[in-house]
Amino acid sequence: MHELILGGARSGKSAYAEALATDSGLTVTMMVTAEARDGEMATRIERHRANRPAHWPVVEAPLHLASALRDAAAADRFIVVDCLTLWLSNLLMDMDDAPGAALPGLFVRECAALIDALPTLPGRIALVSNEVGSGIVPMGRLSRVFVDEAGRLHQALARVCPRVTLVTAGLPLALKRP
């Protein structure tokens, strides 16, 4: 059963997903989307790495997430994808900032591929993502597009995931259960 896990920064969403994986009794694979493009991100990645079991294999999927999930998913496997909002950022990196410019083709194709693939994948998958639409409308076109597209992706994934959980202050709140 697949689950979308949403929360704000430092909400405990990754820890919640990792606890689900540990408690599942299945073989766990971490699928990570972050790229260490600067020292601060490298430190964040290292902190996440140090906080999870060393025996969990890690698959890096900064762009082609649906393909990586198809390759890794198995009936006896629990995959934690951490996180979708970094993946969206990676896909939007080369977006034209001109007013009215189209979304990058890679972005459109990869989001559609994820939504289409997810219901067909065996095993369990926990998709971790930041809920970014609870604040003010950000300044700058790229920021607004990011918030809008994250919200659209979350809604589409919530339709295909049997479970959706919001984590705040380390506490999970079930939004959708089968």
Side-chain angles (χ1 to χ4, degrees), residues 1-91 110-111 114-115 117-134 150-151 153-158 160-178:
M1 181 176 313
H2 306 326
E3 181 167 0
L4 175 61
I5 301 169
L6 300 168
R10 310 285 79 71
S11 64
K13 62 193 175 294
S14 294
Y16 174 73
E18 291 171 10
L20 288 176
T22 298
D23 294 346
S24 73
L26 300 171
T27 301
V28 178
T29 296
M30 283 298 302
M31 193 161 291
V32 297
T33 62
E35 294 182 295
R37 294 176 185 238
D38 59 38
E40 187 270 338
M41 184 55 84
T43 300
R44 286 175 176 264
I45 291 169
E46 189 52 44
R47 188 177 325 118
H48 273 272
R49 185 177 292 133
N51 287 337
R52 66 178 171 252
H55 66 277
W56 287 1
V58 174
V59 174
E60 294 184 9
L63 295 174
H64 304 288
L65 184 56
S67 175
L69 283 167
R70 279 192 296 274
D71 290 346
D76 64 344
R77 183 162 298 148
F78 193 119
I79 300 172
V80 176
V81 177
D82 199 358
C83 82
L84 293 179
T85 41
L86 283 171
W87 176 67
L88 288 176
S89 293
N90 295 340
L91 292 170
E110 288 298 320
C111 287
L114 176 61
I115 294 161
L118 198 60
T120 70
L121 299 174
R124 289 186 63 186
I125 299 171
L127 301 159
V128 177
S129 196
N130 288 284
E131 177 51 63
V132 296
S134 298
L153 178 66
H154 293 159
Q155 290 179 52
L157 290 172
V160 299
C161 287
R163 301 173 69 100
V164 179
T165 302
L166 176 67
V167 179
T168 301
L171 301 172
L173 174 63
L175 301 178
K176 178 182 176 184
R177 292 290 184 253

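Just so it is clear, the model here is predicted, and its values are computed rather than measured. One is the number of the first residue; the rest follow in order along the sequence.
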Q: Hey, could you give me the CG/CG distance between Leu153 and Leu84, rounded to the nearest 0.5 Å?
A: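 Between Leu153 CG and Leu84 CG, I get 6.0 Å after rounding to 0.5 Å.
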
Q: Are the side chain of Arg77 and the backbone of Ala72 linked by a donor-acceptor contact shorter than 3.5 Å?
A: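 Such a contact is found between Arg77 side chain and Ala72 backbone.
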
Q: First locate atom NE2 of His48, then atom SG of Cys83, and finally report the distance between them rounded to the nearest 0.5 Å.
A: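 Result: 8.0 Å between the selected atoms.
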
Q: Under a 3.5 Å distance rule, please check whether Asn90 uses its side chain to pair with a backbone N or O of Thr33 as donor and acceptor.
A: yes

Q: Side-chain contact test, heavy atoms from C-beta onward, threshold under 4.5 Å: evaluate it for Thr22 versus Trp56 and give yes or no.
A: yes

Q: Is the side chain of Lys176 donor-acceptor paired with the backbone N or O of Pro162 at a distance under 3.5 Å, no angle test?
A: no

Q: Answer whether the closest heavy-atom distance between the side chains of Leu4 and Leu175 falls below 4.5 Å.
A: no

Q: Do the side chains of Leu127 and Cys161 get nearer than 4.5 Å, heavy atoms only?
A: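 Answer yes - side chains close enough.
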
Q: When rounded to the nearest 0.5 angstrom, what is the spacing between OG1 in Thr165 and CG in Leu171?
A: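 Atom-to-atom, Thr165:OG1 and Leu171:CG are 12.5 Å apart.
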
Q: Is a side-chain donor or acceptor of Asn130 paired with a backbone partner of Val132 at a separation under 3.5 angstrom?
A: no

Q: Within a strict 4.5 Å, meaning less than it, do heavy atoms of the Leu86 and Met41 side chains meet?
A: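 Yes, their side chains come closer than 4.5 Å.
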
Q: Taking His2 for its side chain and Leu121 for its backbone only, find out whether a donor-acceptor pair lies under 3.5 Å.
A: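 Yes, His2 side chain to Leu121 backbone: donor-acceptor pair under 3.5 Å.
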
